[in-house]
Q: 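My questions all concern the structure below.
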Amino acid sequence: MDDKFLKPYDPASTETRIYEMWEESGFFNPDNLPEELTAQNGKPFTIVMPPPNANGNLHVGHALGMTMEDIMTRVKRMQGYRALWLPGADHAGFETQVVYEKKLEKEGRSRFGMDPQELYKEILAFTLENKANMENQVRSLGASCDWTREKFTLDPDVVAEVQRTFVRMFEDGLIYRGKRTVNWCSKHQTSLSDVETESVEETTPFYTFKYGPFDIGTVRPETKFGDKYVVMHPDDARYAEYKHGDTFDLEWINGPITATVIKDESVDPAFGTGVMTITPWHSQVDFEIAKRHNLDIEQIIDWRGKLLPIAGEFEGVKIIEARPKIVEKLAAKGLLVSTDAAYKNIVKRCYKCSTIIEPQVKDQWFVKMAPLAQSALESVNAGETRFIPEHEEKVFRYWMENALDWNISRQIVWGIPIPAWFKGEEVMASLESPGEGWEMDTDTFDTWFSSGQWPLIMSGYPDGKDYAQYYSTDVMETGRDLVFKWIPRMVIFGLYLGKKSPFHTVYLHGMVNDAQGKKMSKSKGNVINPLDLTAKYGTDALRISLVIGNTPGTDLAMREDKVKGYKNFANKIWNITRFILENTQDADLEAARTSDDQSMRDELDTVIADITKDMDEYRIYMAAEKIYHYVWDRLASEILEDSKKVFAAEDEEAKASRKALLRSLLRDALTILHPFMPFVTEEIWQSLPETRGMLMVSPWPQVSAAATDTTHAP
RNA sequence: GCGCGGUUAGCUCAGUUGGUAGAGCGCGUCAUUGACGUUGACGAUGUCGGGGGUUCGAAUCCCUCACCGCGCACCA
């Protein structure tokens, strides 16, 4: 017996060595798997790793995802599949640019005024450094992914493919240039998609002003300078005397103006006075009304959030400061009818800096979502994509049924350039310049535009050697929060480009919260760093503590004492091995089995069959718990205790039988535990006299048909 | 307002097609020079959110109410 078993299990001196052995073996690449392993099955099994953002450290949510994906991959590999887990890294456009801008701020610098190319180079250097760091963190979690196939979203071939998709969609009429209302962040100076904003309910005073013969309500007096249309429902009897197109003169903020009556069915007669004025440039709804009636659309607020010359004396004032002054002025003119100070409304804010989003009208590229969403729904209806947990499918459907056209233009440098060209009013989508006088778009793609194509690109689309074999992929394992941000986009692109749903199963894990179940956040100071935990308790302990009791889609409260408990479990396995090796030095592994021992062997077979089924059905949390119980409560507490009596007695046949049995149980227990706790199990495997090669590529135990039939409880 | 989820032991949560409630941690008692004190044995604590229904039988299926969490939202 190896002397190392005389001391407690030491993850620190084990994990790096074991990982290097695995990585050097080449078995993370399914093309290299031993023939005798893949002979029984040989089918591909593919998981695409959600590419972590290369702009910082992994958080504990990453640790959960990586663990789940690694478990699925390892089980399939041991079952003889050509298991391929494809790692990647995301440049994470806006996210990374925000991180970098914060860094610049700390250094007293600003992106504005910097040469864009210089800024790009700086962020690239920053990202590449973080990317290497991130990759090592993924390794330290034990991830058995194929690094030889790793891609970065800014690799030249990826960029080229994403740009080709844009051109193709433009040619197919699925992408258009539109002058439309966008979510504008005046701090970050870019438009944002709807999923990059958050809506917060806030108390904002609701003012009612006299507007000629009408009373009109607003929470945004600062936008009212250009309001020259007054809108009401066509069937509102109170205003029947006013006809669509009537004009009238009135006294307004900066003097007399002429206003026009507009009748539009979108106005709710029950809200306020049933009359409103509109500011089409700074409101989505107003913009739609203006378009329906072909009305003038005028910008009031500039891109920095300051009032334009139309505001007269208020020109150049920040809107937040202008508001009370405008109310004051209207009140002085006797035009303020009432103020409801307790009014609650929804304010949209930038999800990164919480700056209030200013709707602005801007020329941007939009993806026409309706036909794409329709195909995604049809695919799900046809059962081509299955959600775990099932109820998440409803969330997916809701998004697909309500998908608005998607703004993919970002006014930031850190991203994939949009291959679009302008010449006067002319617009072209093309990888090359269409000719003289054409200027390329300076905008970059929304990151989801590239990450939406990730399963395709990672599996070699359109003509890579892997593509036919590994697309579509098997499982997409990711966080529940991405069910409407990322999943729909992957399905859409997968169907559009690859003609198949990009994965047959979507496994969504819940969010990892703190011990009290509260969301982790830097401001609360309750963030748990997974690497602190692995350093303290070992990676295996962290992995299995993230898995046991964690049902898909349900949030997990991360408690350090739980990790500590599973560190004890890793050591328990270590000591089980010590006991067995100490007592079976002279074992004949082929010794005849007593009937007692045969029934113990059958019992493990039943457990194996049971957890194999759990794994097939993605009940990973349950499989893990069953193995844990078998190893600790049955094997250690009962079978080992019983064995002490057998060894102390005189029955030589029983002793010989038991010795062989214990070795057999240990080997299979290590095997089924390996996907969950790969390091300690591999380390022990390497020390068993009867084993050859690596546990990582040892076959998953085969059990008899009788054991497989677990439906008939005794 | 719409949607989704949750409500089970002090805490965090399981409970796979309905068959008299489980785990970990915590708590209590006892044991142990033992493979392991990073241990073992035993134990206590639950009207399974409330109400109604279906059923021989409901934590589990249906209806309803309450509360908590999350997401979405172009009511000025």
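Chain identifiers are assigned alphabetically (A, B, ...) following the order of the sequence lines, protein sequences preceding nucleic acid strands; residue numbering begins at 1 within each chain.
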Q: Under the side chain to side chain donor-acceptor pair (under 3.5 Å) test, which residues partner A:Thr218, sequence neighbours left out?
A: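 With sequence neighbours excluded, A:Thr218 shows a side chain to side chain donor-acceptor pair (under 3.5 Å) to no residue whatsoever.
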Q: Under 3.5 Å for both pairing distances: what stems, at least three Watson-Crick or G-U pairs long, include RNA chain B?
A: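 The stems that RNA chain B takes part in, listed by first number, are B:1-7 with B:66-72, B:10-13 with B:22-25, B:27-31 with B:39-43, B:49-53 with B:61-65.
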Q: So what does A:Thr577 touch, heavy atoms closer than 4.0 Å: a base, only the sugar-phosphate, or nothing?
A: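 No contact at all - A:Thr577 keeps every heavy atom at 4.0 Å or more from the nucleic acid.
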Q: Under the side chain to side chain contact (heavy atoms under 4.5 Å, CB included) test, which residues partner A:Gln585, sequence neighbours left out?
A: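 Once residues adjacent in sequence are excluded, the partners of A:Gln585 under the side chain to side chain contact (heavy atoms under 4.5 Å, CB included) criterion are A:Met1.
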Q: Run the salt bridge (charged side-chain N to carboxylate O under 4.0 Å, His left out) test against A:Arg238 and tell me which residues pass, sequence neighbours left out.
A: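 Testing A:Arg238 for salt bridge (charged side-chain N to carboxylate O under 4.0 Å, His left out), a comparison that skips the adjacent residues, returns A:Asp236.
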Q: Identify whether any heavy atom of A:Tyr9 sits under 4.0 Å from a base atom; if not, whether one sits that close to sugar-phosphate; answer base, sugar-phosphate or nothing.
A: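 Touches nothing.
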Q: Any base atoms under 4.0 Å from A:Tyr207, or only sugar-phosphate, or nothing? Heavy atoms, all strands.
A: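 Nothing: the residue A:Tyr207, judged by heavy atoms under 4.0 Å, touches no strand.
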Q: Pull out every protein N or O sitting under 3.5 Å from an N or O of nucleotides 23-30 of chain B, one pair per line with the distance.
A:
residue, atom, partner, partner atom, Å
B:rG24, N2, A:Arg559, NH2, 3.1
B:rC25, O2', A:Asp561, OD2, 2.8

Q: Mind checking A:Thr554 for me? I need base, sugar-phosphate or nothing, with any heavy atom below 4.0 Å counting as a touch.
A: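 Sugar-phosphate, backbone atoms only, no base.
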Q: Taking B:rG69 as the reference, what is the distance to B:rA23 when you measure between their P atoms (whole Å, please)?
A: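 Their P atoms lie roughly 30 Å apart.
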Q: Which residues pass the side chain to side chain donor-acceptor pair (under 3.5 Å) test with A:Trp184, sequence neighbours left out?
A: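 By the side chain to side chain donor-acceptor pair (under 3.5 Å) rule, A:Trp184 matches no residue at all.
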Q: Atom CG of A:Asn513 to atom C1' of B:rG6: distance rounded to whole Å?
A: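 Taking CG of A:Asn513 and C1' of B:rG6, I get 13 Å after rounding.
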Q: Please answer whether the main-chain N or O of A:Thr554 pairs with a side-chain N or O of A:Thr551 as donor and acceptor at a distance below 3.5 Å.
A: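 No, because the side chain of A:Thr551 does not come within donor-acceptor range (under 3.5 Å) of the backbone of A:Thr554.
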Q: Should the side chain of A:Lys572 and the base of B:rC36 be counted as holding a donor-acceptor pair, with the cut-off at 3.5 Å?
A: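 For A:Lys572, whose side chain was compared with the base of B:rC36, there is a donor-acceptor pair (under 3.5 Å).
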Q: For A:His244, enumerate each residue passing the side chain to side chain donor-acceptor pair (under 3.5 Å) test, keeping only those at least two apart in sequence or located in another chain.
A: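 Listed in chain order: nothing, the list is empty.
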Q: With sequence neighbours excluded, tell me which residues meet side chain to side chain contact (heavy atoms under 4.5 Å, CB included) with A:Leu250.
A: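 Per chain and number, A:Leu250 pairs via side chain to side chain contact (heavy atoms under 4.5 Å, CB included) with A:Tyr211, A:Phe248, A:Trp252, A:Ile257, A:Ala259.
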Q: Touch check for A:Ser266, heavy atoms < 4.0 angstrom, all strands: base, sugar-phosphate only, or nothing?
A: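 Here A:Ser266 touches no strand at all.
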Q: Select base, sugar-phosphate, or nothing to describe what A:Lys644 touches, counting heavy atoms under 4.0 Å on all strands.
A: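 Contact class for A:Lys644: base.
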Q: Mind checking if A:Phe271 touches a base, just sugar-phosphate, or nothing, with heavy atoms under 4.0 Å?
A: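 Counting heavy atoms under 4.0 Å across all strands, the contact made by A:Phe271 includes a base.
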Q: Return each pair, listed once, that meets side chain to side chain donor-acceptor pair (under 3.5 Å) where at least one residue sits in residues 394-404 of chain A; pairs must be two or more places apart or across chains.
A: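 Qualifying pairs: A:Asn381-A:Arg397, A:Glu393-A:Arg397.
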Q: Got a sec, which residues hit side chain to side chain contact (heavy atoms under 4.5 Å, CB included) with A:Lys352, two or more places apart in sequence or on another chain?
A: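 Testing A:Lys352 for side chain to side chain contact (heavy atoms under 4.5 Å, CB included), a comparison that skips the adjacent residues, returns A:Phe94, A:Glu95, A:Val98, A:His188, A:Cys350.
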Q: Go through the structure and list residues passing side chain to side chain donor-acceptor pair (under 3.5 Å) with A:Lys210, not counting sequence neighbours.
A: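 Listed in chain order: A:Asp215.
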Q: Between the side chain of A:His293 and the main-chain N/O of A:Leu295, is any donor-acceptor distance below 3.5 Å?
A: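 Checking the backbone N and O of A:Leu295 against the side chain of A:His293, no donor-acceptor pair under 3.5 Å is found.
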Q: Using a cutoff of under 3.5 Å, can you pull out all pairs of nitrogen or oxygen atoms linking the protein to nucleotides 59-62 of chain B, with atom names and distances?
A:
none

Q: Looking for any heavy atom pair under 4.0 Å, which part of the strands does A:Met622 touch: base, sugar-phosphate only, or nothing?
A: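 Contact class for A:Met622: base.
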Q: When we call it a touch if two heavy atoms are under 4.0 Å apart, what does A:Trp399 touch: a base, just sugar-phosphate, or nothing?
A: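 The residue A:Trp399 makes sugar-phosphate contact but no base contact.
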